[in-house]
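To start, the structure under review is shown below, and the notes come after it.
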Protein chains: 2
Amino acid sequence: MSADAEPAPVSAKPPVTLREVAAAAGVSVATASKALNGQGRMTAETRERIRETARLLGFRPNSLAQSLLRKRSFTVGLLTNDTYGRFSLPLMAGVSDALVDKGVSVFLCNVEDDQRLGQLHVEAMLDKRVDGIVATGKRIDRHLPVDLSNLRIPVVYAFTQPDPGAVGLVSDDAGGARLAVEQFLRLGRRRIAHVSGPASFAVVHARAEAYRDVLRENGLATAEPLLGAWSEAWGRDAVARLFGKAGREGWPDAVFCGNDQIARGVIDALRERGIRVPEDVGVIGFDNWEIVAEATRPPLTSIDMNLASLGREAGLALLSLVDGHPAAPGIRKLPCRLVVRQSCGSPPQ
Amino acid sequence: MSADAEPAPVSAKPPVTLREVAAAAGVSVATASKALNGQGRMTAETRERIRETARLLGFRPNSLAQSLLRKRSFTVGLLTNDTYGRFSLPLMAGVSDALVDKGVSVFLCNVEDDQRLGQLHVEAMLDKRVDGIVATGKRIDRHLPVDLSNLRIPVVYAFTQPDPGAVGLVSDDAGGARLAVEQFLRLGRRRIAHVSGPASFAVVHARAEAYRDVLRENGLATAEPLLGAWSEAWGRDAVARLFGKAGREGWPDAVFCGNDQIARGVIDALRERGIRVPEDVGVIGFDNWEIVAEATRPPLTSIDMNLASLGREAGLALLSLVDGHPAAPGIRKLPCRLVVRQSCGSPPQ
DNA sequence: GCGGGTTGGGAAAAGGTTTTCTCAGGGGGA
DNA sequence: TCCCCCTGAGAAAACCTTTTCCCAACCCGC
């Protein structure tokens, strides 16, 4: 029992309470509380003695009791329907990272697309008196299967469509597309194609529009984007369409892809046709999914949506709301980032 | 005030307390509490009246107050160092799913490999009086950067190396390897190669050993497994080694790969050599990472580690520990599952 | 009519902390 | 010397719920 003199908490014993600290220091709990929180008035000596006692005993205030009183639980909920995780996890990690430093913990709530599960999670969070909720989802378009519009706590949407009147953070897809196309232009490419995902996604249109804008601004002809699926197979198909025609002079010298999987399909198909990347055709993807981007041959230049930052910003925005600072509702767009690898080529000499 | 007769909670008003319910029903809080919890004795009529009042007012007990009293917070922590997420997210979703039905919420704690972050999260969880912790990690081998061995709450390890004396759940890698090799044998393959990840991973050895065992049990020659990296590039390299030799008769007719990325590299390299999959060579991967397995040509047969189930089991195991049921420490292995697609071929006619 | 058992319900403590209010004593000014 | 104010610290309420104990009234048998 006493062989271990370290202040290490003896396992399996109940946590030490403020009352015990107060008793050990010979003061009342009120004084002890004030001493530890830097409140109230007392001699510096008393305060120090109490602090020392608390330290020695390994006292840590019971967060539950604090929350009950302060009406702040220092806890938020993170709702997601993306088990698949390519987008969710960096986002979630970002939220968690931003908040842990402020002493705020995050409840993980995976609701899939299940109404019942969503209800269950929201009720559990409310019962546990979370201070706010970050809602995130698979893709900017799909809605979560729960209604968060009439809660008594603030809600921030990240990477998903916000309720009207709510605060939402998303990546600046148009800006990301600009980065890609402008990079091609800078490298001397002039016949730039765009291969993207299904037309049912709003981001597909946002990116396509930016693509067209940049080309127009530079006085270049804009080809109609090829819309299909978010898959490698579609990337390969698209290459067949773009490079199938006989006349080599009509071929693009660059392809901007709607995601990295499409880009991979494009690169594989080009290689199979004997078309060199990046010498003959440059390729840029979207998402910067490292595991894909680094496995393509050559490694894929891609647009990174900075999801971890997005998550951090969402966490901080929520915290600010919780603290009572009002925030303008609406969508805030966070910039993307171009990650250059080898598939886009080097500047012409 | 009364224009809205719905039980919908009026937004931004503080939650209704038991005291208010009791007042509205004309009883004491004690009676109200007992009525709602099915405790104590009272007329059925009284009980029903209180319940109805509570329902009408939209009363939900304050979980914080309950926790304070019961010394159970119905909250657990989920520690992970895998932001990358291929393995983590299904696991985490499994834990969350298993627990939400029991009213238990999960704190998401991303600690990367950062000692400070780990410390911070563990302290936050302890302060918030979590009932237990699920620790999970990138891979079965790497340890989390925190010491959980002397906590006063139960800890369950999932998919990562448990502390000695603790409870751990991992996938049965040897069993999974057996599934793969036996599938090949069933399909008539006889010269089965194994290409896997770095020798520094324990699972690499577990799977390799099972591979050798199955071959030996069937009286077949066992080639030395090729160990390298968890990458496509290594898969391609391995093909060069296996199929580089002149004599076609020495070539394998099946390759069992340590993960799906290696398998993808193998399949790509075989195709580039004009070797047909699955006609000439069957391929089976590991992890059943759908996005990879479905993108290979042909789609990849793979071993699924059932990570969501693993997560669920871990959650339930932790709950059982929290409830005071003792559990035998040590590692429990959960079976893998063979997911057949096209890369392994069909039975010979 | 009386005592014992039962029934329906309430008072109060407990859980751990924060905060407001109160109070005793000491010091300084008049 | 008296009064006032300030200083240091404690008592108690509050947060919300659960649970134990208690009590009054009623019913029953005798």
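Everything numeric here is computed off the predicted structure, so don't read it as measured data. Quick note on labels: first sequence line is chain A, next is B, and so on, each numbered from 1. What's counted below: heavy atoms across the whole structure, side chains too, no hydrogens, waters or symmetry copies.
- In this structure, A/Lys128 atom NZ and D/dT17 atom P are separated by 15 Å, rounded to whole Å.
- One can place CD of B/Glu20 at 8 Å from P of D/dC16, the figure rounded to the nearest angstrom.
- Going from atom CZ of A/Arg72 over to atom P of C/dT17 covers 19 Å, rounded to whole Å.
- In this structure, the CZ atom of B/Arg70 is 13 Å from the C1' atom of C/dG15, given to the nearest Å.
- The aromatic rings of B/Phe107 and A/Phe107 lie parallel to each other, with less than 30° between the two planes, well short of the 60° mark.
- Salt-bridge formation is not detected for the pair A/Asp101/A/Arg312: no Lys NZ or Arg NE/NH1/NH2 atom is positioned less than 4.0 Å from an Asp or Glu carboxylate oxygen.
- In this structure, B/Ser33 reaches the bases: a heavy-atom distance under 4.0 Å links it to at least one base atom across the strands shown.
- The nucleotide whose nearest atom lies closest to any side-chain atom of A/Leu69 is, among C/dT17, D/dA9, D/dT17, C/dT17.
- Checking the phosphate oxygens (OP1, OP2) of C/dT18, a side-chain nitrogen or oxygen of A/Gln66 falls inside 4.0 Å.
- Rounded to whole Å, atom C1' of C/dT17 lies 9 Å from atom CG of B/Leu68.
- Residue-to-nucleotide contacts include a donor-acceptor pair under 3.5 Å from the side chain of A/Arg41 to the base of D/dG8.
- Within the 4.0 Å cut-off from OP1 or OP2 of D/dC15, not a single side-chain nitrogen or oxygen of B/Asn62 is found.
- Side-chain polar atoms of B/Gln119 and B/Gln115 form no donor-acceptor pair below 3.5 angstrom.
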Given salt bridge (Lys or Arg N to Asp or Glu O under 4.0 Å), test B/Arg49 with B/Glu52 step by step and report yes or no. CA-CA 5 Å; B/Arg49 175 165 46 92; B/Glu52 183 60 17; over 6 Å; no

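- Judged as a salt bridge (Lys or Arg N to Asp or Glu O under 4.0 Å), and not counting sequence neighbours, the contacts of B/Arg72 are B/Asp131, B/Asp323.
- The backbone N or O of B/Phe159 lies less than 3.5 Å from no partner atom in the side chain of B/Thr136, so there is not a single donor-acceptor pair.
- B/Thr46 comes within 4.0 angstrom of sugar-phosphate atoms only, judged by non-hydrogen atoms across all strands, and of no base.
- Heavy-atom distances to DNA chain C give each of B/Arg129 and B/Val27 a nearest nucleotide, and the one nearer the 5′ end belongs to B/Val27.
- In the interface, the side chain of B/Lys34 is not paired with the base of C/dG8 through any donor and acceptor atom under 3.5 Å apart.
- With rounding to whole Å, A/Leu64 atom CG is found 15 Å from C/dA14 atom C1'.
- Out of C/dT17, D/dT17, C/dT19, the shortest distance to the side chain of A/Ala65 is found at C/dT17.
- Spacing between atom CG of A/Asp127 and atom P of D/dC15 amounts to 19 Å, rounded to whole angstrom units.
- A close approach under 4.0 Å does occur between a side-chain nitrogen or oxygen of A/Thr31 and OP1 or OP2 of D/dG10.
- Rounded to a whole Å, the CG atom of B/Asn37 is 15 Å from the C1' atom of D/dT20.
- Taking the side chain of B/Phe59 as heavy atoms from C-beta on, and the options D/dG8, D/dT17, D/dC16, the nearest nucleotide is D/dT17.
- When the side-chain nitrogen and oxygen atoms of B/Thr43 are compared with OP1 and OP2 of C/dG9, one or more of them lie within a distance under 4.0 Å.
- Of the candidate nucleotides D/dC15, C/dT18, D/dG8, D/dC15 has the atom lying nearest to any side-chain atom of A/Lys71.
- Distances from the side chain of A/Leu18 to the nucleotides D/dT17, D/dT19, C/dT18 place C/dT18 closest.
- Between D/dC16 and B/Arg19, no contact under 4.0 Å exists linking OP1 or OP2 to a side-chain N or O.
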